[in-house]
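For reference, the structure discussed in these notes is given below.
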Amino acid sequence: MPVVTRIAPSPTGDPHVGTAYIGLFNHTLAHQAQGRGEEGKFILRIEDTDRGRYVPDSEKRIFQMMQWLGLTPDESPLQGGPNGPYRQSERFDLYGEYARKLVESGHAYSAFETPEELAALREEAQREGRVIAVPSRDLDPAEAQRRVDAGEAAVIRLKVPREGETVVNDALRKPIAFQNTEIDDKVLLKADGYPTYHLANVVDDRLMGVTHVVRAEEWITSTPIHVLLYQAFGWPQPVFAHMPLLRNADKSKISKRKNPTSVEWYMEQGFLPEAMLNFLATMGWTHPEGLEIFDLAEFQRVFRLEDVTLGGPVFSLDKLKWMNGKYLREVLTEEEVAKRLHDYLAGQKHDLPDDDYFRAVVRMMIPRMDVFSEFLDKTPYFWSEEYPVNEKAQKLIEEGRSFLPELAARLKNLPRFDQATTDAALRAFAVELGLKPGKVMQPLRAAIAGTSESPGMFEMLEALGQARVVARVERAAEGR
RNA sequence: GGCCCCAUCGUCUAACGGUUAGGACACUACCCUUUCAAGGUAGCGAUACGGGUUCGAAUCCCGUUGGGGUCACCA
């Protein structure tokens, strides 16, 4: 059975994490079919029929997000494909034709109500607790056509049956029945000639051969309109599956105000796309063997639509961070982390040399960071002599004031500066002073790092090197 | 408010009529230890409520409550 899926974002702003989330499942379903040796395609279609909300570079950024995540579509406006164009604005003529077909077959009608009239009608309907009734529906079709031909402003509306019910079959739920009296005559073609989502969506899904419509739960209530459209056109319906909505901590639909929703934010923070994907996959789904960490290929291997849970998953940045740290520590190699971090920093306009020193610092910091944006914040003393010295470090330096000059001298006279040598020297020095090693090391740490929190002493000393360490200790000893 | 969806620890979830209701994040304690992490061990912590069905219900049915979504010439 061929599986053709799609995501159909509208280019109205930042590339949204919800688009990535839904994209993950659509991409996976299509690739699973390919894996089975069947036809499988994942299409990216841009729904830019709202000229008012159009943001020019949004489309490109959505595409970049998908690529970053490794969810590259098989067909899209940027790549093209046999079913193009993939921008609805470029398919403009199509929708008018299909809308008119519906008018001709009696499934739709031209309507002439002004926005003001509609507002009044809506208010009245609201009061009476029913759905809006559009007067134009009862116009004589020939008369309506004359008015359209005369150039009167009109929209085309779906003529929803006055009786019966429309059933939505959802792969994740029991059949959902909607009374037709509860469904209003939705606009299909706007006065500006552009289609609404409902029409464009159904026409394009049909023309592009989409077999599975996997989208967010917020679309459930408009699905009966789509079902009615498929029926009016005499087309078979695709499989519908409505995924749960990603949520804020208060359970409301995930939003900009309460969560970072732009995937670009996660890129800027230095999250790994693998971790992002892994985390998103666990929103509404769990690995059957209880695996927490798994890659896209593994997800594709075991994912089943019917295993999706429907409670709205709260998007937890905490858990995402933990998972990202897990990838840093346990999935990627040190070399890979260093390479990615270097690229990340370069992208942030921090040009550090990708040398042994950099890699040594990265190695020390891997267990100490969850995302790349933490790296420089936690390591100023590795990059400059102008590193900040916090209050606690200042106090520790005072405590070590008496032995810091001598310690500087000892360190300066060490023949080598490898970990074994400094380890032995420091411990011997502590014994001489009659102090516990920590009592010596804490002031030393404060002096060379400006903070009481750092990687292990000896690897840090080795990385920093004798000259730098001695200079810093001397400076601290002199209270500079 | 009408319509629709949903309901297991604070959060993500496992269980698919029979388990001391399991795991992960977070939190707490301990271990490791030169600090901070990481890692290890332990702990805290849930079937919203009320009725049924059944020998037996987190699991099936009904109701209540709660949460969410949707009611545009936006998607």
Side-chain angles (χ1 to χ4, degrees), chain A residues 8-12 47-50 52-53 111 113-115 118-119 122 125-126 129-132 153-157 168 170 172-174 176-179 181-184 186-198 200-201 216-224 242 244-245 247 249-253 279 282-288 290-293 309-316 318-323 325 328-330 364-370 378 392-393 396 423 426-427 430 436-442 444-446 449 451-458 460:
Chain A
S10 52
T12 52
E47 308 229 337
D48 56 349
T49 56
D50 184 347
R53 296 203 305 157
E113 285 73 14
T114 64
L118 286 169
R122 231 185 307 274
Q126 184 97 328
R130 57 169 173 79
V131 123
I132 186 170
V155 301
I156 292 179
R157 285 180 181 273
V168 171
D170 184 296
L172 303 175
R173 297 170 178 76
K174 295 189 211 111
I176 307 165
F178 293 85
Q179 294 306 309
T181 50
E182 302 280 352
I183 306 170
D184 59 7
K186 282 279 182 281
V187 171
L188 265 19
L189 201 70
K190 306 181 228 177
D192 62 7
Y194 277 84
T196 57
Y197 170 82
H198 307 295
N201 180 267
E217 195 178 6
E218 56 188 331
W219 294 106
I220 284 184
T221 47
S222 48
T223 306
H242 291 90
L245 246 17
R247 309 295 185 96
D250 63 6
K251 294 281 189 181
S252 57
K253 173 165 85 167
F279 174 70
T282 65
M283 298 277 88
W285 182 84
T286 332
H287 192 286
L291 284 187
E292 294 280 342
I293 305 298
T309 56
L310 299 176
V314 172
F315 188 95
S316 163
D318 267 358
K319 189 147 186 183
L320 207 210
K321 278 185 185 166
W322 165 80
M323 194 171 270
L328 258 24
R329 280 174 253 118
E330 295 177 14
M364 288 185 273
M365 293 311 294
I366 284 174
R368 295 177 170 82
M369 64 176 165
D370 283 328
K378 294 188 174 198
K392 193 170 173 194
L396 284 165
D423 190 331
L426 246 30
R427 290 185 196 282
K436 284 198 277 192
K439 285 291 171 192
V440 174
M441 282 191 255
Q442 276 297 73
L444 174 57
R445 185 190 317 278
T451 166
S452 57
E453 300 174 9
S454 84
M457 177 59 72
F458 312 114
M460 180 166 56

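Every chain is numbered from 1, with letters handed out A, B, ... down the list of sequences.
- Partners of A/A119 under the side-chain contact (heavy atoms from CB on, under 4.5 Å) rule, at least two apart in sequence or in another chain, do not exist in this structure.
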Between the protein and nucleotides 1-5 of chain B, which nitrogen or oxygen pairs come in under 3.5 angstrom?
unit_1, atom_1, unit_2, atom_2, d
B/rC5, O3', A/R173, NE, 3.2
B/rC5, O2', A/R173, NE, 3.4
B/rC5, O2', A/E217, OE2, 2.6

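- Between A/F279 and A/F315, the ring planes are perpendicular. Angles over 60° get that label, and only those under 30° would be called parallel.
- As rounded to whole Å, 17 Å separates atom C1' of B/rA72 from atom CD1 of A/I183.
- Closest approach to the A/D50 side chain among B/rA75, B/rU11, B/rG69 is made by B/rA75 (side chain taken as heavy atoms from C-beta onward).
- Interatomic distance, OH of A/Y197 versus CG of A/L188, reported as 13.5 Å (0.5 Å rounding).
- Across the C1' atoms, B/rC44 and B/rC25 are found 14 Å apart, a figure rounded to whole Å.
- Atom name C1', nucleotides B/rC4 and B/rG51: the rounded distance is 25 Å, in whole Å.
- Counted by atom type alone, A/H287 and A/T282 present zero donor-acceptor pairs between their side chains at under 3.5 Å.
- Residue A/V314 is in sugar-phosphate contact alone, with no base atom involved, counting any heavy-atom pair closer than 4.0 Å across all strands shown.
- When the C1' atom is used for both B/rC31 and B/rA37, the distance is 15 Å, rounded to whole Å.
- The same atom, C1', is picked in B/rA58 and in B/rG22; the two are 13 Å apart, to the nearest Å.
- Using a 4.0 Å heavy-atom distance criterion, A/T451 is classed as making no nucleic acid contact.
- A/E218 places its CD atom 15 Å from the C1' atom of B/rC6, with the value rounded to the nearest Å.
- Between the side chains of A/D318 and A/S316, no donor-acceptor pair is found at a separation under 3.5 Å.
- In summary, A/E217 and A/K253 do not engage in a salt bridge, as defined by a charged side-chain N under 4.0 Å from a carboxylate O.
- A/T49 comes within 4.0 angstrom of sugar-phosphate atoms only, judged by non-hydrogen atoms across all strands, and of no base.
- The gap from the C1' atom of B/rA46 to that of B/rC12 amounts to 13 Å, rounded to the nearest Å.
- A salt bridge between A/K190 and A/D50 is absent, with no side-chain N of the basic residue lying under 4.0 Å from a carboxylate O of the acidic one.
- The partner of B/rG1 is B/rC71, judged by Watson-Crick or G-U wobble contacts that both fall below 3.5 Å.
- In this structure, A/E47 atom CD and B/rA72 atom P are separated by 19 Å, rounded to whole Å.
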Original post:
When every nucleotide of nucleotides 22-46 of chain B is labelled 5' to 3' by its protein contacts under 4.0 Å (heavy atoms), B for base, S for sugar-phosphate only, - for none, what sequence of letters results?
Top reply: -BBS--------BBBBSS-------
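- With C1' as the reference atom, B/rC60 and B/rC16 are 12 Å apart, rounded to whole Å.
- Rounding to whole angstrom units, CH2 of residue A/W219 and C1' of B/rC71 are separated by 13 Å.
- Checked against side-chain contact (heavy atoms from CB on, under 4.5 Å), A/I132 has the following partners two or more places apart in sequence or in another chain: A/L118, A/L121, A/R122, A/A125, A/D184.
- Taking A/R445 as the reference, A/Q442, A/S454 meet the side chain to side chain donor-acceptor pair (under 3.5 Å) condition, with sequence neighbours excluded.
- Remark: B/rA38 base-pairs with no nucleotide; criterion is Watson-Crick or G-U wobble with both hydrogen-bond distances under 3.5 Å.
- Checking B/rC44 for Watson-Crick or G-U wobble geometry (two distances, each under 3.5 Å) identifies no partner in any strand.
- Nucleotide B/rC71 holds its C1' atom 7 Å from the NZ atom of A/K186, rounded to whole Å.
- Remark: A/A430 engages A/V440 in a side-chain contact (heavy atoms from CB on, under 4.5 Å) (not counting sequence neighbours).
- Base pairing analysis places B/rA7 opposite B/rU65; the two distances defining the Watson-Crick or G-U wobble pair are each below 3.5 Å.
- In this structure, the NE2 atom of A/H287 is 21 Å from the P atom of B/rC12, given to the nearest Å.
- Backbone-only contact: A/P195 has heavy atoms under 4.0 Å from sugar-phosphate atoms and none from a base.
- Taking atom CZ on A/R247 and atom C1' on B/rG67, their separation rounds to 7 Å, with Å as the unit.
- Separating the CZ atom of A/R53 from the P atom of B/rA72 is a distance of 14 Å, rounded to the nearest angstrom.
- Nucleotides B/rC36 and B/rU28 have their P atoms positioned 14 Å apart, rounded to a whole Å.
- Note that NZ of A/K319 and CD of A/E292 are 4.5 Å apart. Values are rounded to the nearest 0.5 Å.
- As judged by a 4.0 angstrom heavy-atom cut-off over every strand, A/R122 is placed among residues touching the sugar-phosphate backbone only.
- Atom name P, nucleotides B/rC27 and B/rA38: the rounded distance is 9 Å, in whole Å.
- Comparing A/K253 and A/R157 by the nucleotide of RNA chain B that holds the closest heavy atom to each, the one mapping nearer the 5' end is A/K253.
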